[in-house]
Amino acid sequence: MTARALVVAAPSSGSGKTTVATGLMAALRGRGTAVAPFKVGPDYIDPGYHTLAAGRVGRNLDPVLVGTERIAPLARHGSAGAEVAVVEGVMGLFDGRLADGHGSTAQVAGLLGAPVVLVVDCRGQSRSLAALLHGFRSFDPEVRLAGVVLNQVGSERHETVLRAAAEEAGLPVLGALPRRDALAVPSRHLGLVTAAEHGAAAVSAVAAMAELVAAHVDLDAVVRLAEPLPQGPAWSAADAVHAVARAPERPALRTAVFGGPAFTFGYAEHVELLTAAGAEVVVVDPLRDETLPDGTAALLLPGGFPEEHVAALGANEGLRAAVAALAASGAPVHAECGGLLYLCESLDDAPMCGVLPARAAMTGRLTLGYRDAVALTGSPLFPAGARVAGHEFHHCAVTPAAGSAPAWGWRGAAPEGWVLGGVHASFLHTHPAGDPDAVARFVGAAAL
């Protein structure tokens, strides 16, 4: 079965596309449709809500981080067994990397051959909606704008005028959502509170989104718009990992991966690649587990919000000591962003693992953006000189910012990150599907 796909986009951030996309996923699932959820870009938070809504893991589609050639194969992989793939866009429809728009929702829609449903926040406008829709429809003829969902509609009269404006622009109205504040999900310095942290309230929020969308959006009309994903092979972790092959006689190498509410910033393909490369993945929740699993040969520390759980992380002395001992043994340790903070001596003056001779602290400054980076030091993941596309997204600073053997460098910035023994730690997020050989090297280093 080939899934049929559609993209939920908006003129700008804050228009309500997360509410519509998540509600659509949950509403379709509620009536028995198998839905594959996706998010354009490097966002880690929305996919958590998508997972709750669709009942299957939310995945990212980011041409900058994985390459345009992998978008359709990754979509086919993530849509296996699903009837409809719902892809939530990022920012405005044509917004991507600042320099050239690479990585935009429009680009992903084109790579998938998928129609676009535009969600418009209609507060403060009526007939001007026609001009807005005309502009978005005509800006790029390769983007197939197929319909509009009106959001934040103030009254029946307001809806009537808006529907007439959409008709002027030649676009069907697929739904009209009334103004409502009850769906707000708590936010913090990097966006919404993650679904893992929001707990039962996140489940309730997703249920409310589903109820709203089911009541005010024509689900049948939306599904009819969806079109089959392009034909071709699906992405495969086993095919992607080729630099290191596990010998049949060698047992799987136990790799601990931090998870739980404090470390939620990861991609589903990472665990799939680790497993394909010969790792036995065991998830560790540092807010609950007091040591690493017996036989741990490697450790992955993804990003997340350790700064929100700093007291509990600092109080877990047993696990901090186990991580420090593993790093001291020379075992491969890969830490990104939140993982970097955890490996420092302290985070906001709370004790951390002390693997790196550095101190971390929250700041009032947001660091955000794609980076074309080069590996300045060889490590268990990357040879010196390797070039990768990555992404920074944090409100923290580490002092010093780099060790004597820094991890990365990129144009216009000082060296960043640490390579220390088997440890590779930095603020840079990478998508493992963009460089699966790095995962294979990481698992191979655990076998040495």
Side-chain angles (χ1 to χ4, degrees), residues 37-52 54 56-62 64-66 70 74 77-78 88 90 190-198 202 235 237 240-241 254-277 279-289 292-293 296 298-309 313 323 332-343 380-381 388-394 396 417 424-436 438-440 442-443:
F38 294 95
K39 171 70 180 182
V40 177
D43 182 282
Y44 295 101
I45 299 175
D46 288 341
Y49 290 89
H50 295 173
T51 298
L52 291 178
R56 55 191 288 162
V57 64
R59 296 174 184 267
N60 295 70
L61 299 173
D62 190 331
V64 178
L65 297 187
V66 304
R70 292 189 179 95
L74 284 167
H77 170 66
E88 180 188 341
V90 60
L190 294 183
L192 299 178
V193 174
T194 63
E197 295 174 281
H198 203 30
W235 180 86
V241 174
R254 180 161 290 177
T255 299
V257 177
F258 269 31
F263 291 91
T264 58
F265 288 11
Y267 297 114
E269 292 83 3
H270 207 160
V271 169
E272 293 166 352
L273 285 165
L274 286 168
T275 302
E280 176 201 354
V281 175
V282 181
V283 177
V284 174
D285 182 351
L287 302 183
R288 181 194 65 205
D289 300 320
L292 293 173
T296 294
L299 175 62
L300 171 63
L301 298 163
F305 286 116
E307 63 270 23
E308 298 293 325
H309 306 274
L313 293 173
V323 168
V333 177
H334 180 197
E336 290 188 344
C337 203
L340 164 69
L341 306 182
Y342 185 69
L343 293 184
L381 287 98
V388 304
H391 188 263
E392 277 194 289
F393 187 42
H394 59 88
C396 294
H424 184 281
S426 79
F427 273 121
L428 196 70
H429 290 286
T430 58
H431 195 305
D435 194 351
V439 181
F442 179 73
V443 176

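Computed from a predicted structure; not experimentally measured.
When all heavy atoms of Val443 and Leu274 are compared, the pair lying nearest together is CG2-CD2, 3.8 Å. Taking both residues in full, the closest heavy atoms of Gly390 and Thr430 are given as CA-CG2, 4.4 Å, listed atom of the first, atom of the second, then distance. When every heavy atom of Lys39 is checked against every heavy atom of Val90, the shortest pair comes out as NZ-CA, 4.1 Å. Ala256 and Leu292 get closest at one heavy-atom pair: CB-CD2, 4.2 Å. The nearest pair of heavy atoms linking Ala389 to Val64 is CB-O, 3.3 Å. Shortest non-hydrogen contact noted between Phe427 and Cys396 is CZ-O, 3.8 Å.
For Thr51, the side-chain contact (heavy atoms from CB on, under 4.5 Å) partners two or more places apart in sequence, or in a different chain, are Val57. Taking the side-chain contact (heavy atoms from CB on, under 4.5 Å) definition, one finds that Arg70 meets it with Val66, Leu74, Pro436, sequence neighbours left out.
Between the NE2 atom in His270 and the OG1 atom in Thr255 there is a gap of 9.5 Å [rounded to 0.5 Å]. In this structure, the separation between SG on Cys337 and CG on Leu301 is 12.0 Å, given to the nearest 0.5 Å. Note that the CG atom of Asp46 and the CD atom of Glu88 stand 4.5 Å from one another [nearest 0.5 Å]. Rounding to the nearest 0.5 Å places CG of Leu340 at 10.5 Å from NE2 of His334. Note that the CZ atom of Arg59 and the NE2 atom of His431 stand 9.0 Å from one another [nearest 0.5 Å]. The CD atom of Glu308 sits 11.0 Å away from the CG atom of Leu313 when rounded to the nearest 0.5 Å.
In this structure, Leu299 and Val323 have side chains that are in contact, with non-hydrogen atoms separated by less than 4.5 Å. Taking 4.5 Å as the limit, every side-chain heavy atom of His429 sits out of range of all side-chain heavy atoms of Pro42. With a 4.5 Å cut-off on side-chain heavy atoms, Val388 and Leu428 count as touching. Between Asp285 and Phe263, every side-chain heavy-atom pair lies at or beyond the 4.5 Å cut-off. Within the 4.5 Å cutoff, no side-chain heavy atoms of Val257 are placed close to those of Val282.
Side chain of Asn60 to backbone of Asp43: a donor-acceptor contact under 3.5 angstrom is found.
With 3.5 Å as the limit, one finds a donor-acceptor pair spanning the side chains of His77 and Glu272.
Here Tyr44 and Phe393 keep their ring centres 6.0 angstrom or further from each other.
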Applying ring pair (Phe, Tyr, Trp, His ring centres under 6.0 Å), run through Phe442 and His424 and close with a yes or a no.
CA-CA 10 Å; Phe442 179 73; His424 184 281; 9.6 Å; no
